[in-house]
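See structure below.
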Amino acid sequence: MTGGIHHITMITRKVQANVDFYAGFLGLHLVKRTGGYEDATQLHLFYGDASGTPGSLITFLVWEDGSPGRVGYGQPSEISLAIPPESIGFWLTRALQFNIATAGPMQEFGEPVLRLRDPDGIIIKLVGTQAVTAPAVWTTKDVPEADAIRRIRGATILTETPEETSAFLTDHFLYTSHAHTETIMRMISASGDCIDVRDATGFWSSAPGTGTIDHIAFRAAGKTEALATFEQLIAGGAEATALHDRKYFQSIYVREPGGTLLELATDGPGMLIDEEPAALGTQLFVPPHFHEDVENLKVVLPQFGLPGEVRFIYRELPFTHRVYMPEISGGHTFVLLHGTGGNETTLMPFASQVAPDATLIGVRGRSTEEGSARWFRRFGPLSFDQGDIRAEAAAFAAFVDGAVDAYGLDLQRTTFLGYSNGANLLAALMQLHPGLIRNAVLLRAMNVLEEALEADLADTRILAIAGDRDPMRAKARQLEEGLGKAGADVTSAAVSAGHELGPGDMDMVRDWLSL
């Protein structure tokens, strides 16, 4: 077996902050950007050296605005990156310049270590060492080659069964015991990198989420070696997965006795299979089984800018939201409110197909029902929490006011588009805060306010689309009549559909926008 670490995968909550830290502050090379193999709407970033060499790769699953995880046993707790020993001073100074808190330098197993945390709170150690080789050092204009990060030095695993974890690493991944403290066993590979097995007896258990390390991948020379290890794992009673083709490598997954997820990944084909060295990380790769959705995925996946590139700066507003900026803007903006169970990206493909040159702001409802996002609480299918509706409508009005200030939102050139529960909140919002919304598209909406309001909607233009087979069609008519009586310019339409959306809805919205 080739041995050693192939890559380490972590989970981040904010892609731009992640890129600014790893490509900006640490000066790593973004060598690949892909959609996930199981879920292509999840962005996956790979950082590494100049060639994306196995052993230099740290990767991130982007759970944009996802829930934080918890570091505990059954999970890695920190990673370490190798730098020249004499470069500790350079990185300490650089951390001060970037206002990044550090701990150290201190000595760990005879090596100088500078500890810091990335934007998600993951512990990153910069370790002064010559123990690992650096075949393709990547440099930037402000991180010279003499001080640049070489490759991965190692990682720490938290386990309640340290002896079993250590034996597993020895038996299947060829790590050998090197040194130990009272609570840590340092294991070394033939490649020179290390795994510190830490006794976490008495710790709390781990929980997946942002700010955690998902897994550690070890190296195999090729498919034959990976399959041989797979057979060995199965023979030993481990529950390893079959070989997965990840285009840039093939891999198997297994959990060691302490619960940490491990991967065995082949060195080839490698990161240069579809991009030249000078172009690494510039194109989005979408797994072939998602190719029909490429254009939609480009809208849904979070955008970011590399150091020196233009980037969108998010502001703190009352609702979690995602902004999509088209390459060429037509000056129109859509604010999107999803239906029950959706999120801030759900309606982005729909809106992008309706208006490809529009800026999109997808917003996530703050109420939940059995884990599904909603815009306000309900007591039953047709019984709604009136106080919650008013509170969330007021909060959304504050969101709109904030977006006007923060993002320069022009309400005259903004269309608010809501589907189902999101459309219901929009309808309530227009009645509770008249004059705020000038253009609205209500898809499968109904009135959820029990008290009739006297609102002046004379300056409001509305398209209301119902499904002709929708059980709520009668409720939709009542809402449309009420909005019309309030003075709104209401265009009522019906499509051949139930409560679901379809191409007919897109055509009607396009036609209405062109009027």
Side-chain angles (χ1 to χ4, degrees), residues 299 312-326 328-338 344-348 350-352 354-366 375-376 389-419 421-443 445 447 449 453-465 479-480 482-491 508-515:
V299 178
F312 184 84
I313 305 300
Y314 280 87
R315 303 299 183 189
E316 288 296 326
L317 295 174
F319 289 80
T320 297
H321 58 288
R322 175 84 60 82
V323 178
Y324 169 77
M325 303 290 290
I328 300 175
S329 174
H332 198 88
T333 301
F334 274 86
V335 177
L336 308 171
L337 287 75
H338 61 80
E344 61 272 26
T345 68
T346 303
L347 290 172
M348 282 185 160
F350 180 98
S352 179
V354 167
D357 61 351
T359 297
L360 310 179
I361 304 178
V363 192
R364 186 194 304 174
R366 303 191 304 183
W375 291 94
F376 49 84
I389 293 171
R390 290 174 180 272
E392 291 306 293
F396 197 85
F399 171 87
V400 174
D401 289 340
V404 169
D405 293 336
Y407 304 143
L409 195 64
D410 181 354
L411 294 179
Q412 294 288 356
R413 305 195 67 188
T414 299
T415 296
F416 291 78
L417 184 149
Y419 166 60
N421 182 235
N424 297 345
L425 182 76
L426 275 182
L429 178 65
M430 287 187 286
Q431 297 173 75
L432 291 165
H433 300 270
L436 181 66
I437 294 176
R438 319 296 169 77
N439 306 285
V441 175
L442 305 178
L443 304 172
N447 184 45
L449 293 174
L453 300 176
E454 294 184 5
D456 182 2
L457 300 180
D459 293 328
T460 304
R461 183 168 171 256
I462 300 170
L463 171 63
I465 305 178
L479 172 63
E480 293 159 18
L483 295 174
K485 289 179 180 178
D489 176 7
V490 180
T491 300
M508 287 184 179
V509 177
R510 285 193 200 98
D511 292 343
W512 180 77
L513 287 172
S514 66
L515 296 177

Checklist entry - Given Asp410 and Thr333, is the side-chain contact (heavy atoms from CB on, under 4.5 Å) satisfied, shown in steps? => result CA-CA 8 Å; Asp410 181 354; Thr333 301; over 6 Å; no
Next on the checklist: Is any side-chain heavy atom of Asn424 closer than 4.5 Å to one of Leu479?
Outcome noted: no
Item to check | Side-chain (Thr460) to main-chain (Ile437) donor-acceptor, under 3.5 angstrom | outcome: yes
Item to check | Test item: Asn421 side-chain N/O and Trp375 main-chain N/O as donor-acceptor pair under 3.5 Å | outcome: yes
Next on the checklist: Would you call the rings of His321 and Tyr314 parallel, tilted or perpendicular, taking 30° and 60° as the class edges?
Outcome noted: tilted
Checklist outcome for this item: In short, Gly418 meets Ala423 closest at the heavy-atom pair O-CB, 3.2 Å
Next on the checklist: Check the orientation of Tyr407 and Phe312. Use parallel for under 30°, tilted for 30 to 60°, and perpendicular for over 60°.
Outcome noted: tilted
Checklist entry - Looking only at heavy atoms, which two atoms of Arg390 and Leu432 are closest? And how far apart? => result NH1-CD2, 3.3 Å
Checklist entry - At what distance, to the nearest 0.5 angstrom, does CZ of Arg322 lie from OG1 of Thr346? => result 10.5 Å
Checklist outcome for this item: Pro326 and Asp357 have their tightest heavy-atom pair at CG-O, 3.5 Å
Next on the checklist: If you compare all heavy atoms of Ile462 against all heavy atoms of Ala488, which two are closest, and at what distance to 0.1 Å?
Outcome noted: CD1-CB, 3.7 Å
Next on the checklist: Can you tell me how far apart CG (Leu463) and OG1 (Thr415) are? Round to the nearest 0.5 Å.
Outcome noted: 9.5 Å
Item to check | Nearest-0.5 Å distance that lies between atom OG1 in Thr359 and atom CZ in Phe334 | outcome: 11.0 Å
Item to check | Nearest-0.5 Å distance that lies between atom CG in Leu483 and atom CD in Gln431 | outcome: 5.5 Å
Item to check | Non-hydrogen side-chain atoms of Phe396 and His433 separated by less than 4.5 Å | outcome: no
Checklist entry - Looking only at atom types and distance, does a side-chain atom of Ser514 sit under 3.5 Å from a main-chain N or O of Asp511, one as donor and one as acceptor? => result yes
Next on the checklist: Is the shortest side-chain heavy-atom distance between Ile465 and Val509 below 4.5 Å?
Outcome noted: yes
Item to check | Closest non-hydrogen atom pair between Val299 and Ser352, with its separation | outcome: CG2-OG, 3.4 Å
Checklist entry - Can you tell me if CD1 on Ile328 sees more than 12 non-hydrogen neighbours from other groups inside 6.0 Å? => result no
Checklist entry - Heavy atoms, side chains only, cut-off 4.5 Å: are Leu360 and Phe350 in contact? => result no
Item to check | Working for side-chain contact (heavy atoms from CB on, under 4.5 Å), residues Val400 and Leu411 | outcome: CA-CA 9 Å; Val400 174; Leu411 294 179; 3.8 Å; yes
Item to check | Minimum heavy-atom distance Arg366-Ala395, with the two atoms named | outcome: NH2-CB, 3.2 Å
Checklist entry - Ignoring hydrogens and geometry, is there a side-chain-to-backbone donor-acceptor pair from His332 to Arg413 under 3.5 Å? => result yes
Checklist entry - Between the side chain of Asn439 and the main-chain N/O of Thr414, is any donor-acceptor distance below 3.5 Å? => result yes
Item to check | Phe399 and Phe319 aromatic ring geometry - parallel, tilted or perpendicular at 30°/60° bounds | outcome: perpendicular
Checklist entry - Which value, rounded to the nearest 0.5 Å, describes the distance between Met508 atom CE and Thr491 atom OG1? => result 11.0 Å
Item to check | Separation between CG of Leu347 and NE2 of His338, rounded to the nearest 0.5 Å | outcome: 8.5 Å
Checklist entry - More than 12 heavy atoms of other residues, nucleotides or ligands under 6.0 Å from CG of Asp459: is that the case? => result no
